[in-house]
Amino acid sequence: MNPTEIADALEEIAARPFDGGEFPFAFAAAMGSPQATVSKLRSGTINKSKVPGAVLMNRKFYAMVTEPGAVDQGLSMIRSDKKTTTHKPAILLATDGVDLSAEHVASGDSLHIKFADLHHHFGFFLPAAGMSRYKAAEENEVDVKAAGRLAKLYDALLKKNPDWKTPERRHDLNQLMTRLIFCMFAEDVGIFDNNLFSRLIFTHAGDKGEEAQSCIASAFAAMNLPKGQRQNLPAWADAFPYVNGGLFADTLDVPKFDRGAYRYLQDACQLDWQEINPDIFGSMIQSVADPDKRSELGMHYTSVPNILKVLGPLFLDDLDEQIEKAGDSRKAQARVLKRIEGIRVFDPACGSGNFLVVAYRELRAREMRVLERLAQLDGGASAQMFSGVRLANFYGIEITDFAAETAKLALFIAEYQANARFGEMFGNTAPALPLRDGGNIVCDNALRLDWEGVCPPPGENEEVFIAGNPPFVGFNSRTPAQSEDMRFLLADRLKSFERLDLVICWFIKAADYIRGRAGAGALVSTNSIAQGVTVNILWPEVLREGIRIHFAHRPFMWSNNAAKNAAVSCVVVGISSSRTGQSIIFDGELRKDANNINGYLLDAPDVTVAQKGRPIFPLPKMDVGSIARDEGNLIFSETERNQLVSEHPEAAPFIRRYMGAREVAQGLVRYCLWAETNELDDVRRFPPLAKRLDAVAKFRSESDAQVTRDAAAVPHRFGQITGKGVPKKSAILMPRTSSSRRPYLPVELVGSDVVASADCQIIFDPPDWCFAILASKLQWCWVSTVSGRMKNDFRYSSTLCWHVFPIPRFTEDQLEALNASARAILKTRYMHHPKTIAQLYDPDDMPDDLREVHRQNDELLETMYIGRPFRNDTERLERLFKLYAARIEKLKKEEAPKRMVKSNG
DNA sequence: GATCCGACACGAG
DNA sequence: CTCGTGTCGGATC
């Protein structure tokens with residue numbers, strides 16, 4: 001069951017006469033319980049409640065039918081029932097058939113409604129169906145329902161007209177859908193006479209819709225012809241006004257309707273389309289044309305607050321300031337008006353147009369404010385009939401046809417709604433019909449297209465603002481076509497880009513568009529563009545020849561009203577070709593003026609850190625741990641290992657401790673098989689091990705990767721071994737992924753009997769002072785700035801975090817002092833045995849003595865940099881980046897002569 | 001729903 | 001060849 005089906009089922013219950021004995025079971029069925037489950041519920045076998053008239057379904061809901069007027073008592077009764085604690089229903093609900101009260105147990109939110117309105121609140125009940133709450137559904141009932149009904153109509157039409165499934169016909173079908181939506185909207189808001197469209201279609205199409213095809217075709221044809229030119233159309237079609245405006249410009253085939261499709265069309269017409277939100281609705285009906293995404297129901301739409309994170313600092317805030325400053329000056333206000341009329345907004349990944357819709361709406365709102373102010377200033381003398389904000393100033397590129405069509409429609413609807421408000425305010429408004437020119441939405445691949453062909457460069461008194469939320473696609477999930485697009489765009493420009501996110505292409509293209517002319521752009525992106533290796537590759541290419549980052553939102557968790565938010569950390573980056581204007585960094589609720597915003601989205605010079613496979617300071621090399629590539633077969637839990645060793649004590653030498661990030665941070669214990677290349681037969685002697693080796697060989701031989709298939713021949717060895725794989729005496733382990741909440745990185749020192757997994761970086765047989773550096777605040781600061789991230793957590797990498805970590809030249813004495821400091825930290829940790837690193841470094845619960853020894857370590861180390869401890873993290877980073885930049889400069893100078901020699905030789 | 005890291009293919013050097 | 005990184009995530013409490 002998806003949300004719309006649940007809504008429909010609840011509507012049916014609400015429409016039927018109330019039957020108290022039946023209601024809980026009907027509700028269970030509406031929530032998607034299969035008939036068999038409902039029967040068991042009815043017979044009492046799985047009804048956990050002992051209260052008469054109440055039904056409790058484990059983890060789903062607890063519903064009670066009460067005496068008339070006793071709804072709230074009923075609810076508090078089941079709330080306090082012990083069974084509620086044991087069986088954890090998601091929803092509590094009590095009703096007497098007139099009123100209904102319900103409660104969402106986890107959040108405590110409650111609902112008090114008339115029983116007959118049950119279906120209007122279906123979003124609230126979704127947890128009873130095992131779904132999480134879907135706020136979009138609660139707030140935008142009409143949008144969800146509309147999307148659901150359109151999906152059914154779409155499916156029914158495709159079923160009846162299989163030949164329409166071809167890509168060419170799909171466009172026609174998509175256009176048909178948007179025209180139908182327009183008509184349904186128009187007849188509900190008064191663009192058409194009340195119910196004009198549905199009345200005429202349902203009168204003339206026959207009871208079963210046998211004539212729907214020709215009726216709709218006639219209606220559309222009429223709307224595309226001025227009255228008086230409709231001789232060839234049936235007389236009834238003359239009632240339609242002339243609409244035109246792109247939407248109806250082309251003639252269009254209409255598919256055949258069968259009874260089902262016809263009924264779904266009727267259902268859709270019955271909705272009150274006046275209430276739909278063009279921004280959200282657009283995203284929702286995108287899923288209509290893509291059955292795979294039906295269950296998502298617009299999950300990835302950008303919420304209005306997130307859109308405003310882009311549009312606000314891009315130009316709306318500036319406009320507001322200008323309006324504010326203009327004050328009582330007629331001339332200044334008129335100038336603002338002029339500027340608003342010259343603003344063009346371009347979304348190169350516009351989807352169903354929600355950025356454009358919001359931008360349009362916001363511009364209209366500001367225009368209204370200015371007009372209002374002007375009317376006050378001159379007593380209405382300058383009142384104007386029409387808005388100067390034209391849809392033609394809104395440009396979009398969208399790759400999927402249905403979304404592109406929807407975007408055009410959404411803009412029309414937004415325009416209509418804005419005009420209606422304009423009319424309310426000023427008493428006059430543009431006639432809704434015929435539609436004027438629409439937005440310039442192009443259905444094409446933005447990465448292949450010359451953007452200037454879509455949105456011509458701004459002329460005199462014009463500004464273009466690029467805004468949008470392009471797709472984030474990591475290299476693992478890219479389609480071949482997307483990879484091709486990246487190569488097409490980037491092959492000649494970037495040294496390595498294959499592993500970067502697709503989203504960077506939009507930044508490159510946006511920078512190209514605005515470079516050398518007045519312009520600005522801002523895009524939502526995954527935070528990976530401001531972290532890790534991407535920074536040094538992407539930003540030097542974007543931030544050249546006058547482009548700067550003029551505002552940025554530091555990473556925030558993606559969220560919209562959808563039930564299951566995409567779990568991704570996002571940033572917004574605004575780039576501009578203008579040197580003037582304050583740079584601003586937004587961090588959560590904070591807003592901070594910046595001198596310069598660099599690729600890490602920090603207020604710092606444009607230094608970006610490049611990966612280095614070897615240390616560029618006097619530090620030992622750090623490696624990534626070894627990778628088993630074994631489908632788990634070379635790895636043993638503690639129990640498995642103990643069992644093996646008790647059965648085959650001679651196998652013990654082949655078993656070693658195996659440590660990943662969890663083992664380091666949380667003290668888990670795992671083991672792995674570890675043998676030398678020539679020991680395959682020695683390992684095979686043990687039947688349990690032989691079995692595992694076979695599994696490894698099988699798994700590897702079926703791999704897509706050549707290197708892994710090759711490794712099938714040595715199943716007793718890890719698929720990728722770093723160096724010798726094991727230390728002589730000791731090793732420092734640094735988890736590759738770790739929580740960023742800890743005040744220090746969870747580094748650990750281990751003995752020789754350990755194999756590090758790829759979830760750890762490892763320094764083999766290190767001096768102790770390395771530990772002191774890795775455990776320092778300075779290292780933490782550096783890592784928090786330059787490391788890659790997973791969500792918001794650190795991805796430690798040797799190439800960015802260690803090999804390039806700036807240190808001063810230490811004296812022998814200083815190294816000795818750091819050695820001692822490292823041992824002091826370790827000793828303090830041991831005193832808290834058996835507490836794990838995760839427990840010891842819990843930011844809320846770090847022991848005082850450990851805190852103190854770390855403070856001393858920091859003081860010792862930092863004094864070696866500048867003769868005293870640093871005052872704050874800003875000072876730490878400044879110093880580190882200065883040292884880094886100087887070192888890179890020096891290396892370049894050393895490199896240059898070498899290259900000369902090479903090229904001469 | 002907050003928190004915290006696993007495993008591997010695949011590209012880069 | 002050897003080595004390192006990313007993941008509009010996922011498991012787990």
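Side chains included, hydrogens not; waters and symmetry mates left out as well; all remaining heavy atoms used. Everything numeric in this text was worked out from a predicted model, so none of it was measured.
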Query - A/Val707 side-chain proximity, nearest of B/dA9, B/dA12, C/dT2 - result: C/dT2
Report summary line: From CG of A/Asn469 across to C1' of C/dC8 the rounded distance in Å is 9 Å
Query raised in the report: For A/Asp630, which contact category applies under a 4.0 Å heavy-atom criterion: base, sugar-phosphate, or nothing?
Result: sugar-phosphate
Query raised in the report: Between atom CD in A/Glu498 and atom C1' in B/dG13, what is the gap in whole Å?
Result: 15 Å
Query - Atom pair distance, as rounded to whole Å: CD1 in A/Ile529 and C1' in C/dC8 - result: 14 Å
Query raised in the report: Reckon A/Ile721 touches a base, only the sugar-phosphate, or nothing at all at heavy-atom distances under 4.0 Å?
Result: sugar-phosphate
**Report entry** Backbone of A/Tyr600 reached by a side-chain donor or acceptor of A/Trp539 within 3.5 Å
**Finding:** no
Report task. Give a yes/no on whether any side-chain N or O of A/Thr737 is located under 4.0 angstrom from OP1 or OP2 of B/dC5. Result -> no
Query raised in the report: Which nucleotide sits closest to the side chain of A/Lys621: B/dG6, C/dG4, B/dC10?
Result: C/dG4
Query raised in the report: Which part of the nucleic acid does A/Arg736 contact within heavy-atom distance under 4.0 Å: base, sugar-phosphate only, or nothing?
Result: base
Report summary line: By nearest-nucleotide position on DNA chain B, the 5'-leaning member of A/Ala705 and A/Gly660 is A/Gly660
Report task. Tell whether A/Arg499 reaches the base of B/dA12 with its side chain through a donor-acceptor pair below 3.5 angstrom. Result -> no
Query raised in the report: Which class fits the ring pair A/Phe805 and A/Trp802: parallel under 30°, tilted 30 to 60°, perpendicular over 60°?
Result: parallel
Requested in this report: Ignoring the backbone of A/Asp793, work out which of B/dG6, B/dC8, B/dC4 is nearest its side chain.
Outcome: B/dC4
**Report entry** Atom-pair distance (CG on A/Asp759; C1' on C/dG10), nearest Å
**Finding:** 14 Å
Query raised in the report: Considering Watson-Crick and G-U wobble pairs with both distances under 3.5 Å, what does C/dC8 pair with?
Result: none
Requested in this report: Can you check whether any acceptor in the base of C/dG6 is under 3.5 Å from a donor in the side chain of A/Arg795, or vice versa?
Outcome: yes
Query raised in the report: If you measure only the distance, is there a donor-acceptor pair under 3.5 Å linking the side chains of A/Arg795 and A/Thr737?
Result: yes
**Report entry** Nucleotide C/dC8, atom P - distance to CD of A/Gln531 in whole Å
**Finding:** 14 Å
Query raised in the report: If you find the nucleotide of DNA chain C closest to A/Tyr796 and the one closest to A/Pro470, which residue's nucleotide is nearer the 5' end?
Result: A/Tyr796
Query raised in the report: Between C/dG4, B/dC4, C/dC8, which nucleotide has the shortest distance from any of its atoms to the side chain of A/Arg629?
Result: C/dG4
Report task. Ignoring hydrogens and angles, tell me if any N or O in the side chain of A/Thr722 forms a donor-acceptor pair with the backbone of A/Val624 under 3.5 Å. Result -> yes
Report task. Would you classify A/Val533 as touching base, sugar-phosphate or nothing, given that sugar-phosphate means primed atoms plus P, OP1 and OP2, and contacts are heavy atoms under 4.0 Å? Result -> sugar-phosphate
Requested in this report: Please state how far atom CZ in A/Arg709 lies from atom P in B/dC8, giving the value in whole angstrom units.
Outcome: 16 Å
Requested in this report: Give the rounded distance in Å between these two atoms: CZ of A/Arg700 and C1' of B/dA7.
Outcome: 13 Å
Report summary line: Paired with A/Arg670, the side chain to side chain donor-acceptor pair (under 3.5 Å) test is passed by just one of A/Glu663, A/Glu638, A/Glu640, namely A/Glu663
Query raised in the report: Say you pick atom C1' in C/dC8 and the same atom in B/dG11; how far apart are they, in whole Å?
Result: 22 Å
Requested in this report: Mind listing the closest non-hydrogen atom pair of A/Pro847 and A/Leu840 along with its distance?
Outcome: CD-O, 3.3 Å
**Report entry** Neighbour count >12 (heavy atoms, 6.0 Å) for atom CZ, A/Arg614
**Finding:** no
Requested in this report: Measure from the side-chain heavy atoms of A/Gln720 and tell me the nearest of C/dC3, B/dC4, B/dA12.
Outcome: C/dC3
Query raised in the report: Reckon A/Ala838 touches a base, only the sugar-phosphate, or nothing at all at heavy-atom distances under 4.0 Å?
Result: nothing
Query raised in the report: With sugar-phosphate meaning primed atoms plus P, OP1 and OP2, does A/Ser757 contact a base, only sugar-phosphate, or nothing at under 4.0 Å between heavy atoms?
Result: nothing
Report summary line: Of the candidates B/dA9, B/dC8, B/dC5, the side chain of A/Arg662 sits closest to B/dC5
Report summary line: Which of B/dC5, C/dC1, B/dA9 is nearest the side chain of A/Asp710? It is C/dC1
Report summary line: A/Asp704 has its side chain closest, among B/dC8, B/dC5, B/dC10, to B/dC10
**Report entry** Residue A/Ser738, side-chain heavy atoms: nucleotide from B/dG11, B/dC5, B/dG6 that is nearest
**Finding:** B/dC5
Requested in this report: Give a yes/no on whether any side-chain N or O of A/Thr708 is located under 4.0 angstrom from OP1 or OP2 of B/dA9.
Outcome: yes
Query - Whole-Å distance separating the CD1 atom of A/Ile627 from the C1' atom of C/dG6 - result: 12 Å
Query raised in the report: Taking the side chain of A/Ser496 as its heavy atoms from C-beta onward, which of B/dC5, B/dA12, B/dG6 lies nearest to it?
Result: B/dA12
Requested in this report: For B/dA9, take OP1 and OP2 only and decide whether either is under 4.0 Å from a side-chain N or O of A/Ser703.
Outcome: yes
Query raised in the report: At under 4.0 Å between heavy atoms, what does A/Arg670 touch on the DNA or RNA strands: base, sugar-phosphate, or nothing?
Result: sugar-phosphate
Query - Heavy-atom pair of closest approach, residues A/Ser739 and A/Phe794 - result: O-CD1, 4.2 Å
